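Residue numbers start at 1 and run along the sequence shown. Owing to the predicted nature of the structure, the values given are computational and were not obtained by experimental measurement. Because only heavy atoms are used, hydrogens play no part in the values below, and waters and symmetry mates are left out as well, while side chains stay in.
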Amino acid sequence: MSTRILIIAHAPLASALRDCALHVFPECAEEVVAIDVPPQEAPEVTFDHALQRLQNDALLQTLVLTDVMGATPANVAQRLVNSQDAKLVAGVNLPMLLRTVCYRHENLEDLTRRALDGGTQGVIQLTRSS
């Protein structure tokens, strides 16, 4: 069984990241869910929307990826994981997401470590400083 990956981020980042992941891994469309949080949306509305999206298959373990710790998407995600079999990682980037999608069949603990590794290893300086 695969771990579901939920991206909850400021609009349009979640959908854009999902689109990029599906470009590389089109077969994972069912397992990668994106929730874009529009400006001015009340946190309760976002929470209810996210909860509805996850209740479609409440038995799946979920890795939740969010953009900025302390912002509305991350605060909603924190509430969400408290009521689910889930882990939360902030600072989502494309290398992190691709790593998690590639290894989505691993258990939630291992997948969380892969997310952290993918995120940090994907941030590198490509030019030498003078």
Side-chain angles (χ1 to χ4, degrees):
M1 178 180 282
S2 253
T3 298
R4 173 181 38 211
I5 300 166
L6 170 64
I7 311 160
I8 181 168
H10 292 89
L13 183 58
S15 291
L17 285 169
R18 182 180 185 273
D19 289 346
C20 288
L22 294 182
H23 177 76
V24 179
F25 299 102
E27 74 281 0
C28 74
E30 295 291 317
E31 297 158 312
V32 180
V33 177
I35 298 176
D36 289 310
V37 180
Q40 316 310 316
E41 182 172 88
E44 287 303 317
V45 172
T46 303
F47 179 77
D48 290 343
H49 180 227
L51 201 55
Q52 287 175 352
R53 295 284 302 270
L54 292 183
Q55 286 178 342
N56 291 340
D57 196 348
L59 298 178
L60 282 180
Q61 290 184 326
T62 304
L63 177 61
V64 181
L65 305 175
T66 191
D67 50 2
V68 181
M69 184 177 78
T72 298
N75 293 339
V76 168
Q78 183 66 54
R79 279 187 57 205
L80 194 64
V81 299
N82 289 339
S83 65
Q84 303 283 324
D85 185 10
K87 297 282 187 186
L88 174 61
V89 175
V92 65
N93 59 33
L94 187 55
M96 175 189 293
L97 178 59
L98 292 176
R99 178 80 55 97
T100 59
V101 170
C102 186
Y103 292 98
R104 66 191 181 280
H105 300 292
E106 291 187 357
N107 68 57
L108 189 55
E109 290 294 326
D110 291 342
L111 191 60
T112 301
R113 277 192 294 281
R114 289 207 187 263
L116 294 169
D117 290 345
T120 56
Q121 292 170 4
V123 178
I124 58 173
Q125 181 178 348
L126 295 176
T127 58
R128 291 180 27 189
S129 58
S130 30

D117: side chain to side chain donor-acceptor pair (under 3.5 Å) partners, not counting sequence neighbours:
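D117 satisfies side chain to side chain donor-acceptor pair (under 3.5 Å) with no residue once adjacent residues are dropped.
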Under a single-linkage definition using a 4.5 Å side-chain heavy-atom cutoff for Ile, Leu, Val, Met, Phe, Trp and Tyr, are V33 and L22 assigned to the same hydrophobic cluster?
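Looking at the clustering, L22 is in a separate group from V33.
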Other than [X], what residues sit in its cluster of Ile, Leu, Val, Met, Phe, Trp and Tyr side chains whose heavy atoms are under 4.5 Å apart, directly or through others?
X: L126; value: I124
X: L116; value: I5, I7, L13, L17, V24, F25, V32, L63, L65, V89, V92, L94, M96, L97, L98, V101, Y103, L108, L111
X: V45; value: none

Distance check, rounded to the nearest 0.5 Å: R4 atom CZ versus T100 atom OG1?
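These two atoms lie 14.0 Å from each other.
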If you count the non-hydrogen atoms of other residues, nucleotides and ligands that lie under 6.0 Å from CD in Q40, is the total more than 12?
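Open: at most 12 neighbouring heavy atoms sit under 6.0 Å from CD of Q40.
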Salt bridge (Lys or Arg N to Asp or Glu O under 4.0 Å) partners of E30, counting only residues at least two apart
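E30: no salt bridge (Lys or Arg N to Asp or Glu O under 4.0 Å) contacts found.
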Tell me every residue that passes salt bridge (Lys or Arg N to Asp or Glu O under 4.0 Å) with D48, counting only those two or more places apart in sequence or in another chain.
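Listed in chain order: nothing, the list is empty.
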Closest non-hydrogen atom pair, [X] against [Y]:
X: P43; Y: T72; result: CG-CG2, 4.1 Å
X: G118; Y: P95; result: O-CB, 3.5 Å
X: H49; Y: I35; result: ND1-CG2, 3.7 Å
X: V81; Y: A86; result: CG1-CB, 3.7 Å

According to side-chain contact (heavy atoms from CB on, under 4.5 Å), who are the partners of [X], at least two apart in sequence or on a separate chain?
X: P12; answer: none
X: T46; answer: I8, V37, E41, V76
X: A16; answer: none
X: E44; answer: R79

Which pairs with one or both residues in residues 15-28 pass side-chain hydrogen bond (donor to acceptor under 3.5 Å, both in side chains), sequence neighbours excluded?
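Qualifying pairs: S15-D36.
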Side chain of [X], backbone of [Y]: donor and acceptor closer than 3.5 Å?
X: N93; Y: G119; answer: yes
X: N75; Y: G70; answer: yes
X: D67; Y: P73; answer: no

Apply the side chain to side chain contact (heavy atoms under 4.5 Å, CB included) test between T62 and each candidate in L88, L80, L6, T3; give the one that qualifies.
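Of the listed residues L88, L80, L6, T3, the side chain to side chain contact (heavy atoms under 4.5 Å, CB included) partner of T62 is L6.
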Going by salt bridge (Lys or Arg N to Asp or Glu O under 4.0 Å), name the pairs with one or both residues in residues 86-99, residues two or more places apart or in two chains.
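Matches after skipping sequence neighbours: K87-E109.
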